[in-house]
Protein chains: 2
Amino acid sequence: MVGSVGNGSMDLREKEKVEPLPREFDPEEIVRPKPPLETEGVGGEEGSGKSREIVLGRNVHTMCFAIKEPEADDEVTGEREAYMASVLARYRRSLIDRTKHHLGYPYNLDFDYGALGQLQHFSINNLGDPFIESNYGVHSRQFEVGVLDWFARLWELEKNEYWGYITNCGTEGNLHGILVGREVFPDGILYASRESHYSIFKAARMYRMECVKVDTLVSGEIDCTHFKASLLRNMERPAIVNVNIGTTVKGAVDDLDLVIKTLEENGFKDRFYIHCDGALFGLMMPFVKRAPKVTFKKPIGSVSVSGHKFVGCPMPCGVQITRLKHINVLSSNVEYLASRDATIMGSRNGHAPIFLWYTLNRKGYRGFQKEVQKCLRNAHYLKDRLKEAGISVMLNELSSTVVFERPKDEEFVRQWQLACEGNIAHVVVMPNVTIDKLDSFLNELLRHRSCWYQEGNISPPCIAADIGEENCCCALHKK
Amino acid sequence: MVGSVGNGSMDLREKEKVEPLPREFDPEEIVRPKPPLETEGVGGEEGSGKSREIVLGRNVHTMCFAIKEPEADDEVTGEREAYMASVLARYRRSLIDRTKHHLGYPYNLDFDYGALGQLQHFSINNLGDPFIESNYGVHSRQFEVGVLDWFARLWELEKNEYWGYITNCGTEGNLHGILVGREVFPDGILYASRESHYSIFKAARMYRMECVKVDTLVSGEIDCTHFKASLLRNMERPAIVNVNIGTTVKGAVDDLDLVIKTLEENGFKDRFYIHCDGALFGLMMPFVKRAPKVTFKKPIGSVSVSGHKFVGCPMPCGVQITRLKHINVLSSNVEYLASRDATIMGSRNGHAPIFLWYTLNRKGYRGFQKEVQKCLRNAHYLKDRLKEAGISVMLNELSSTVVFERPKDEEFVRQWQLACEGNIAHVVVMPNVTIDKLDSFLNELLRHRSCWYQEGNISPPCIAADIGEENCCCALHKK
């Protein structure tokens, strides 16, 4: 386990006492530090864990592998090599364990890139624009453009009308999309639902844009009534809108058509830019029947997805696709800066495109479709079993994100790497999450839960405000 | 060769005719597309190459490996696997060739991470802050913090006084450093020399900051006389200053002490923030005797370096170190955004820290010192030999970047992957650039050069404006 790797010959730093966290937070960023994860069960070091909470800005070295200056005779004795090999072997073991117990984050951990191991010897760098070759020859633009073409086709934008690149993560796609929007409408106001990913609000701050947070429905979707009211208060300035194709916490899909209608019917025709944050579901939705379509045939400006989520990839990455005409606006402005670079980053990871290319080629549309169906099926299985057990649970129609009552014990949450917010937790059913894994999770949850609530002193929390009364099984709402 | 990989069974797109480039550009981004690199020598397809130039915003699919939907029987026939294996094998061969012929970019291509191949099976992600553990267990923060500690010590900042993270590239470090500066002084003006990396100017635009470009000396260093004059015109607003620890083109090191003196003597005491862009030399300088010191004992705010440059890494990465107190300013502001994330990106590559940790542990300070000395020695060798041959050349004292007359033939430039700007080119002598490699480059250059200029109709260009009269060997300036 990761938490225990540092104990042996490693440098285990003292855990400093720190201040409690502000209440508001993002599920990707759960901050209670782990107590050393030595015990599988409940209890254990729970008490000590609860007492330590961290606030951002504290420089807490919970534990780390310090770098030590090699001894002069290290090369002779081989001790250095032995030391490093032992650290790595233990680390690898912990990764296996942590990968096995993982449910909370939307990462497909099921991939086999053995065939690509040979490429790790090269420093592959797609400097700047994917469509402009650099003199640096050790790149993978051939693969990158192949991947981009595939996504442009998925979202129905012609080869000569799109521009895009492979990013380092979903956040970079969002930062890029919002930036393009701002360059198209320099005095535009950014609208995003409260349940948008935090990177959207980070972008607003970075770019010095005014940002209006729009309310959400219980499902997590943007509330278009409130959106309309917000628009009407700011008639004089164009709108830059973030549309969530699957929110982080509830997997809610904003109603793109209704957003467009709201804009057009309220005087914003030709005065809006829509960025679709499709971090996870942007790649799943096209394969779901009945799902509303994300397509550039609608008046949207950009779409981003993450590559390490549904596709699966050893490192974070993403795909950003936008209209070429918007990039022309951006690049003509950038010229005077002596830069012809329309990406956010300069040097760019050249391995990620090859991983994506490899998976897309192997699986194809049909392969993804099969996997999406499996995920949705397994998500429904989990929801049904939780409901049967009398646990509050919600599953949005187009989503494989199962939202339910937060397990009472933090040790359990960490063990299964659940992402939590307030009184809710979620499991994101990815292709590597099998029925077996779900069963073993469910059994463990039920076993623990019977202890947590056995005395009747404490009851499971009411989470009707988060998931709706009809989904809540608290004492008040259960039928 | 990369340029020819697409020819066989690959999808070789038609090369579209496009418009010429604006003259002004950045050396990391040379844009003339390669003609298929079939011939080793001069001439060949040169004509056709010269006629095709690209402007940003054109979506040119020079060549790419298209993704094809698998046939239903692919799994049975194994044809898909065979096809992909053949693409990858050819690609690998091209990488070997391109890695061998590489001189222009400051990337150390000499690394052996075989021991880390086993980790490619894991989706390692250091979400958000390195010092705040997330519930996602498949991370490498233990390694990341070890690496950060090493750099903080190198730049003399105490463990409890620094904050930092491992970035995706040098650009991300610069974007972060300038952002921290802006958060500390929201109405500050950004000052950067004209020869600063383009990411600095990109940051100014992204962050809506006023930016003053400061002139440079012939060496490439910031001209502090002009800097002073610029400051005096903007007395009422604080200064955010980018200091180059090695410029991209000339490897020039700005005089940090003089910059600080200029600020303090002109009424900016306690009203400035300095970000040091140490992309390449930030890691080499500490090991050069006589070099001015980059240290947090001086009033600087942040330092960034690239990890894929001097250290060498399969993918781009970098290290960003700043003062913890500045991050507290940033994070208290970010709280209301429901984010406790002081990094630019959200999901972060967890492999890069392990690569860096591995190399730092193996080589240590002593190892780096040896390599730096070798690089400087080899750079001097190259400079001396070019000078002997009557070729205009400059080498800044603390640098391993050899600036010289741009080779007349673009085929030759591409073959050696030289970075060029106007009439100058450069070779960055990295640990993998041996005397043998330099000799083979020199011999080829001299052979070609005697053809280019044999008739006497054309003479080598004058580059006195770029490198100074004393270094220029054109007809006018040679003694």
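Numbers restart at 1 for each chain; the letters A, B, ... are given by sequence-line order, proteins then strands.
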Proximity breakdown for B:Thr99 and chain A, heavy-atom pairs closer than 4.5 Å: both
Please identify, among A:Asn125, A:Val147, A:Thr167, the residue contributing the most non-hydrogen atom pairs under 4.5 Å to chain B. A:Asn125
With B:Asn361, which of A:Lys68, A:Arg80, A:Glu81 fulfils side chain to side chain donor-acceptor pair (under 3.5 Å)? A:Arg80
What option among B:Pro316, B:Cys169, B:Ser306 has the most heavy-atom pairs under 4.5 Å with chain A? B:Pro316
In terms of heavy-atom proximity below 4.5 Å to chain A, should B:Ile96 be classed as side chain, backbone, both, or neither? both
Applying side chain to side chain contact (heavy atoms under 4.5 Å, CB included) to A:Tyr91 and B:Ile354, what does each step give before you reach the verdict? CA-CA 11 Å; A:Tyr91 178 62; B:Ile354 308 176; 3.4 Å; yes
With a 4.5 Å cut-off on heavy-atom pairs, point out which of A:Lys363, A:Gln118, A:Met345 contacts chain B the most. A:Met345
Heavy-atom pair of closest approach, residues B:Gln417 and A:Gly137: OE1-N, 2.7 Å
Ranking B:Arg153, B:Arg362, B:Met315, B:Met206 by heavy-atom pairs under 4.5 Å to chain A gives rank one to B:Met206
Before giving the answer on side chain to side chain contact (heavy atoms under 4.5 Å, CB included), spell out for A:Ile124 and B:Leu95 the whole-Å C-alpha distance, their side-chain angles and the decisive distance to 0.1 Å. CA-CA 9 Å; A:Ile124 312 180; B:Leu95 289 179; 3.8 Å; yes
Tell me, side chain or backbone of B:Phe355 under 4.5 Å from chain A's heavy atoms, or both, or neither? side chain
I need the residue from B:Gly364, B:Gly104, B:Pro314 with the largest number of non-hydrogen atom pairs under 4.5 Å to chain A. B:Pro314
Let me confirm one number: the SG-CH2 distance from B:Cys64 to A:Trp150, rounded to the nearest 0.5 Å. 14.5 Å
Under 4.5 Å from any heavy atom of chain A, what part of B:Leu148 do you find: side chain, backbone, both or neither? neither
Pick from B:Leu116, B:Leu179, B:Asn108: which one has the most heavy-atom pairs with chain A under 4.5 Å? B:Leu116
So how far is it from A:Tyr358 OH to B:Met84 CE, rounded to the nearest 0.5 Å? 5.0 Å
Of all the heavy-atom pairs spanning B:Phe111 and A:His121, show the shortest one and how long it is. CE1-O, 3.4 Å
In terms of heavy-atom pairs under 4.5 Å with chain A, which of B:Lys325, B:Arg194, B:His308 leads? B:His308
Quick one, A:Arg182 with B:Arg208, criterion side chain to side chain contact (heavy atoms under 4.5 Å, CB included). Give me CA distance, side-chain angles, the key distance, then yes/no. CA-CA 11 Å; A:Arg182 194 198 69 176; B:Arg208 291 187 156 162; 3.2 Å; yes
So what's closer than 4.5 Å to chain B heavy atoms on A:Arg348: side chain, backbone, both or neither? backbone
Sort B:Leu119 into side chain, backbone, both or neither according to what part of it lies under 4.5 angstrom from a heavy atom of chain A. side chain
Nearest heavy-atom contact between A:Ser347 and B:Tyr107 is OG-OH, 3.8 Å
Give the C-alpha distance, both sets of side-chain angles, the deciding distance and a yes or no for side chain to side chain contact (heavy atoms under 4.5 Å, CB included) between A:Tyr365 and B:Ile67. CA-CA 10 Å; A:Tyr365 291 94; B:Ile67 292 164; over 6 Å; no
Residue pair A:Ser123 / B:Cys313: nearest heavy atoms and the distance that separates them: OG-O, 3.2 Å
As an exercise: rank A:Gly318, A:Pro186, A:Gly170 by heavy-atom pairs under 4.5 Å with chain B and give me the winner. A:Pro186
Okay, A:Ser140 and chain B: the region with an atom under 4.5 Å from a heavy atom over there is both
Under 4.5 Å from a heavy atom of chain B, the part of A:Ile344 involved: both
For A:Tyr83 and B:Trp357, take the angle between the two ring planes, folded into 0 to 90°, and tell me which bin it lands in: parallel under 30, tilted 30 to 60, perpendicular over 60. tilted
Pick from B:Met209, B:His102, B:Arg92: which one has the most heavy-atom pairs with chain A under 4.5 Å? B:Arg92
For B:Tyr105 versus A:Tyr136, what's the shortest heavy-atom pair and its separation? CE1-N, 3.6 Å
